[in-house]
Amino acid sequence: MELLAESIIERSKSTQILCEESQIDESTAAAVQTVDGDVLGRLFVFTPSGPQSVINVTNEKDIIVGRSPSCSFQLSQSTASNKHFRIYVVVIDDDMDPLIYCQDLSSNGTFHNRNLIGKGRVVLLSDGDVLDIRHCASFLFQQKLKFAEKVEHEYTGDEYTISNRLLGCGGFSKIYMACNKKTGRQVACKIIDKSKLSSKHFLEDHEIKILRELKHPNIVRTEMDYNSKNQFFIFEELITGGDLFSYLNKMGTVPEINCLLIVYQILKALHYLHKQNIAHRDIKLENILLVSSNELFFRIVLTDFGVARQAENGQRMSTYVGTPEYTAPEIKAIKRRKLQRGECSYGLEVDLWSLGIILYLLLSGTSPTFQANPETLQPQVQFTGNIWKKVSRQARDLITKLLEPEPSKRLNVLQTQNHPWIARHRSRLEKLYEKHVLCCI
Ligand SMILES: Nc1ncnc2c1ncn2[C@@H]1O[C@H](COP(=O)(O)OP(=O)(O)OP(=O)(O)O)[C@@H](O)[C@H]1O
């Protein structure tokens with residue numbers, strides 16, 4: 001107990017915040033010791049006048065700190081903005097510690113360990129971090145990590161420090177929070193285990209080669225890559241709203257208007273990729289990240305180019321890749337028929353099939369079922385259950401045309417963008433995109 005109090009005081013001295021030794025009393029130390037089931041973290045508040053209090057961070061509700069009476073924690077000092085900052089939680093899965101973020105909403109500034117966050121910007125919080133509103137209040141953050149482990153890595157470069165905060169896991173890699181030493185900015189560091197990559201995959205198609213060339217607001221931005229004996233490192237922008245999988249998990253189903261905004265942006269990314277003959281080949285909920293999730297229109301980015309492939313001169317592809325639940329029938333056919341390279345192939349249309357699956361999942365919260373169409377004998381997607389009664393006819397029509405088993409009849413990116421479900425809202429969508437995506441990057 002003493003040690004905890006000491007570290008709080010130590011930190012307060014070094015950052016010259018408002019925590020004072022006299023304010024660390026028995027009740028604070030006791031609160032540090034007990035962590036309730038649904039309390040994921042705590043903020044210890046220090047103000048110049050009042051006694052300290054504790055804000056519990058849970059997954060139920062965002063915490064807004066500011067002067068407005070509507071805030072979950074109200075401050076009286078005039079240096080605080082009406083809504084000064086927001087604390088929110090992203091739960092990726094049960095085997096990972098929840099990610100607790102702070103978004104600066106203020107004009108006067110919120111400082112994170114003495115660095116200005118900047119209006120609209122977000123930082124990932126770690127145990128012992130201090131948030132500060134100058135001349136008003138300081139907040140000491142506490143989060144007990146259950147799954148923290150030492151990161152085994154071979155990065156010896158000077159530019160970044162890699163932390164042990166796990167942001168996500170994939171089949172070939174783990175993603176950690178890292179810090180750019182020069183700018184102090186947080187980034188994501190994807191550490192790829194070379195032993196898990198097949199040599200062909202590594203030599204021909206590797207993610208880094210493709211990512212280096214890509215620059216688009218809806219595709220994760222890479223800052224640097226690094227190669228060591230057994231690992232690859234990709235340092236990329238930290239995306240702070242979790243992935244679409246966690247978002248769907250939290251929401252149950254996603255309202256049609258939100259789906260429209262999400263699909264509109266995925267199509268922008270696919271348009272950019274397909275123009276260059278690049279197939280992503282693994283479009284799924286886990287590979288679509290949200291920059292934020294509290295506004296109606298939030299930027300989304302496509303990530304994980306691990307199996308992406310640039311097909312030169314419209315060349316067809318013939319490798320069985322992807323995630324079965326999202327994989328187009330022509331890719332599945334390759335595995336089923338066990339055909340040799342060249343005898344069975346597929347093209348960029350595979351990404352549109354996966355988009356159809358995503359839209360179905362978002363709208364209904366369930367995976368699609370198929371039944372043979374009596375005329376064509378081809379499998380046709382089914383819309384059973386009450387949930388589909390609330391979904392527009394146009395959305396269902398688009399899904400049917402994306403989940404078209406015959407690739408040559410499936411809508412391509414341009415045709416999807418021109419489908420009435422999207423096209424009738426185009427000018428409004430474009431304005432929102434300019435305001436909320438292009439202006440904010
Ligand atoms: N830039 C990022 N910012 C924040 N979180 C990220 C970022 N990149 C990845 N993640 C998190 O890590 C998870 C896994 O990342 P990614 O899909 O790139 O790994 P992978 O090893 O290529 O996965 P797979 O097994 O699907 O190929 C994502 O679902 C996401 O939750």
Side-chain angles (χ1 to χ4, degrees), residues 88-101 103 121-126 147 151 153 160 162-180 185-198 201-202 205-211 214 216-225 231-250 269 279-293 298-309 319-327 354 357-358 361 441:
Y88 65 94
V89 178
V90 173
V91 176
I92 301 286
D93 70 43
D94 294 342
D95 299 335
M96 264 180 64
D97 289 301
L99 302 169
I100 304 180
Y101 291 99
Q103 181 178 33
R121 289 189 176 277
V122 178
V123 289
L124 176 65
L125 297 177
S126 295
F147 302 100
V151 190
H153 71 76
Y160 299 93
I162 301 173
S163 81
N164 65 350
R165 291 307 308 276
L166 188 63
L167 302 172
C169 292
F172 310 108
S173 63
K174 285 192 171 181
I175 292 90
Y176 293 94
M177 194 263 277
C179 240
N180 182 316
R185 265 213 355 268
Q186 294 176 337
V187 295
C189 172
K190 180 166 180 170
I191 307 181
I192 302 166
D193 184 347
K194 286 187 191 175
S195 67
K196 292 190 180 158
L197 300 172
S198 70
H201 177 196
F202 157 56
D205 296 333
H206 198 268
E207 187 167 6
I208 291 168
K209 275 193 195 161
I210 290 193
L211 271 175
L214 301 178
H216 189 275
N218 297 115
I219 292 176
V220 71
R221 191 179 60 241
T222 49
E223 283 195 1
M224 208 196 77
D225 54 82
Q231 294 169 326
F232 278 120
F233 298 79
I234 305 177
F235 295 93
E236 54 191 36
E237 76 181 298
L238 173 67
I239 307 292
T240 51
D243 57 32
L244 263 192
F245 187 86
S246 334
Y247 179 68
L248 178 60
N249 233 345
K250 197 168 174 174
H280 184 281
R281 303 199 294 182
D282 200 14
I283 303 278
K284 58 180 175 181
L285 294 174
E286 293 90 329
N287 288 340
I288 296 162
L289 307 182
L290 283 55
V291 169
S292 127
S293 60
F298 45 82
R299 179 162 79 100
I300 58 119
V301 299
L302 200 54
T303 181
D304 191 0
F305 285 72
V307 294
R309 161 91 192 268
T319 329
Y320 181 82
V321 290
T323 305
E325 201 187 341
Y326 298 84
T327 304
S354 311
I357 302 277
I358 284 184
L361 280 166
I441 49 170

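Count residues from 1 along the sequence. In listed order, ligands and their atoms are each counted from 1.
The pair R185-E237 fails the salt-bridge criterion, with no side-chain N (NZ, NE, NH1 or NH2) lying under 4.0 Å from an Asp/Glu carboxylate O.
Using a 3.5 Å distance cut-off with no hydrogens or angles, the side chains of S246 and N249 do not pair a donor with an acceptor. A side-chain donor from one of T323 and D282 sits under 3.5 Å from a side-chain acceptor of the other.
Near E237, with a cut-off below 4.0 Å to any heavy atom, the atoms of ligand 1 are 1 (N), 2 (C), 3 (N). The contact set between ligand 1 and A188, taken as ligand atoms under 4.0 Å from a residue heavy atom, comprises 1 (N), 2 (C), 3 (N). Short contacts between ligand 1 and K284, defined as distances under 4.0 Å to a heavy atom of the residue, involve ligand atoms 26 (O). Taking every heavy atom of F172 and a limit of under 4.0 angstrom, the matching atoms of ligand 1 come to 21 (O), 27 (O). Counting the atoms of ligand 1 from 1 in the order shown, those under 4.0 Å from a heavy atom of G168 are 11 (C), 12 (O), 13 (C). Ligand 1 places these atoms under 4.0 Å from at least one heavy atom of L289: 2 (C), 6 (C), 7 (C), 8 (N), 30 (C). In summary, the atoms of ligand 1 found under 4.0 Å from a heavy atom of E236, numbered by their order in the structure, are 1 (N), 2 (C), 7 (C), 8 (N).
Here the heavy atom of the protein found nearest to atom 31 (O) of ligand 1 is D243 OD2, 3.2 Å. Of the protein's heavy atoms, L167 CB, 4.0 Å lies nearest to atom 5 (N) of ligand 1. Annotation: atom 3 (N) of ligand 1 to nearest protein heavy atom, I239 N, 3.0 Å. With respect to atom 18 (O) of ligand 1, the closest heavy atom belonging to the protein is K190 NZ, 2.7 Å. Scanning all protein heavy atoms for the shortest distance to atom 21 (O) of ligand 1 gives S173 OG, 2.5 Å. Annotation: atom 28 (C) of ligand 1 to nearest protein heavy atom, E286 O, 3.7 Å.
Residues in residues 91-101 take part in no side-chain hydrogen bond (donor to acceptor under 3.5 Å, both in side chains) pair, two or more places apart or across chains.
Both the sub-6.0 Å distance and the 45° axial angle are not jointly satisfied by K190 relative to the ring of F233.
Across the listed options L124, D304, L290, D304 owns the non-hydrogen atom lying nearest to atom 24 (P) of ligand 1. Considering N287, T303, I175 only, the shortest heavy-atom separation from atom 17 (O) of ligand 1 involves N287.
The six-membered or imidazole ring of F298 lies near that of Y247, with a centre-to-centre distance under 6.0 Å.
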>> Using the rule given for side-chain contact (heavy atoms from CB on, under 4.5 Å), can you reason through L211 versus V220, listing the C-alpha separation, both sets of side-chain angles and the distance that settles it, and then say yes or no?
In response: CA-CA 8 Å; L211 271 175; V220 71; 4.2 Å; yes
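Taking a 6.0 Å sphere around CZ of F245, one finds it holds 12 or fewer heavy atoms contributed by other residues, nucleotides or ligands.
Heavy atoms of G306 come nearer than 4.0 angstrom to ligand 1 in no pair at all. A heavy-atom separation below 4.0 Å is not found between K174 and ligand 1.
Under 4.0 angstrom from ligand 1, the non-hydrogen atoms of C169 all belong to its backbone.
L290 and I288 make their closest contact through CD1-O, 4.0 Å (heavy atoms, listed as atom of the first residue, atom of the second, distance). For the residue pair V90 and G242, the shortest heavy atom distance occurs at CG1-CA, 3.5 Å.
Not one N or O of L238 is nearer than 3.5 Å to an N or O of ligand 1, by distance alone. Note: an N/O pair closer than 3.5 Å links G171 and ligand 1 by distance alone.
Relative orientation of the H280 and F305 rings is perpendicular, given thresholds of 30° and 60° on the angle between their planes.
Atom CE of M177 is separated from atom CG of L124 by 4.5 Å, given to the nearest 0.5 angstrom.
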